[in-house]
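What follows is a single structure, written as structure tokens, with notes after it.
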Amino acid sequence: MENGVLGFPKSDEYVTKNDGRGQGFEGGLIYWHPDTGARVVRAPIAQYWAAADWENGVYGYPIEDTQQVGCGRYAQRFQGGILVTGIEGYLLPYNSVDGREIAYSAAFTDQRSIDAWRDAVREWNTMNAINVKQSGAVGYDLTVNEVNLPDETYSGQYQNFGPLPDQIKLNRAYTDSYTSTQRRVVFVHELGHALGLDHSCDSQIMGPSDSTRTASTLQDLDKAVYRYRWGW
Ligand SMILES: [Zn+2]
């Protein structure tokens with residue numbers, strides 16, 4: 001029988017770990033287990049799952065079907081975490097997370113900056129795994145402030161200083177003319193860097209440029225990369 005998503009079978013059904021079942025198709029796999037139901041694993045994700053030893057490895061069985069998440073990428077949640085195709089390109093080698101928190105110190109003069117930063121923090125905190133919070137008097141991981149630098153080309157910038165507090169700057173030379181949504185997006189994007197996310201593509205908050213980015217809220221690949229790095 002032809003499966004609508006995956007084409008014709010390439011194998012007979014076979015027995016998998018703990019009395020599950022698997023079957024290969026032209027475009028991927030279908031795996032079934034009594035705990036997780038029948039799930040479609042499309043070929044690009046199956047390659048990553050295979051490299052992690054299928055259901056026998058740390059990922060275990062799939063608990064959802066393969067999803068398209070933007071930038072031509074796929075993601076899929078398994079019992080042991082999430083797999084994301086091309087994930088290597090979307091993770092920074094550094095971040096500002098310390099003990100599953102980012103404790104920040106913010107210094108703004110403009111109420112619009114205060115509002116935009118508050119909303120950006122709230123947006124990432126809905127993801128739950130890392131708590132971004134205002135720090136006490138000492139011991140912060142990140143400072144956030146405004147600059148006014150018309151000769152620079154950035155609207156916002158994240159810099160990682162290793163063991164010292166990292167920094168996010170909002171460049172008012174540009175952002176004073178932005179809408180409130182655009183200012184919030186600048187902060188959501190820079191805070192994404194502080195969470196260890198690298199640039200992706202224009203459909204995502206982590207798209208590289210204010211002028212080409214189309215997203216105004218967190219998108220599927222933004223979320224998938226965060227989940228891959230930090231879990232739930
Ligand atoms: Zn950036």
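First listed ligand is number 1; within each ligand, the first listed atom is number 1.
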Next item on the list: Everything protein-side that's N, O or S and under 2.8 Å from the Zn ion (ligand 1): list it, residue and atom.
Entry: His189 NE2, His193 NE2, His199 NE2
Next item on the list: Treat each ILVMFWY residue as a node, draw an edge where side-chain heavy atoms are under 4.5 Å apart, and state whether Ile102 and Phe161 are in one component.
Entry: no
Next item on the list: Answer yes or no: is there an ion pair linking Arg112 with Asp176, defined by an N-O contact shorter than 4.0 Å?
Entry: yes
Next item on the list: Look at the rings of Tyr61 and Tyr31 and say which category their plane angle falls in: under 30° parallel, 30 to 60° tilted, over 60° perpendicular.
Entry: tilted
Margin query: Under a plain distance cut-off of 3.5 Å, with no hydrogens placed, do Tyr14 and Asp12 share a side-chain donor-acceptor pair?
Written below: no
Check: With no hydrogens and no angle check, do the side chains of Gln68 and Asp220 hold a donor and an acceptor under 3.5 Å apart?
Finding: no
Mind listing the side-chain donor-acceptor pairs of residues 133-141 below 3.5 Å, one per line with the distance, residues two or more places apart or on another chain?
unit_1 : atom_1 : unit_2 : atom_2 : d
Ser135 : OG     : Tyr104 : O      : 3.3
Asp141 : OD2    : Ala103 : N      : 2.8

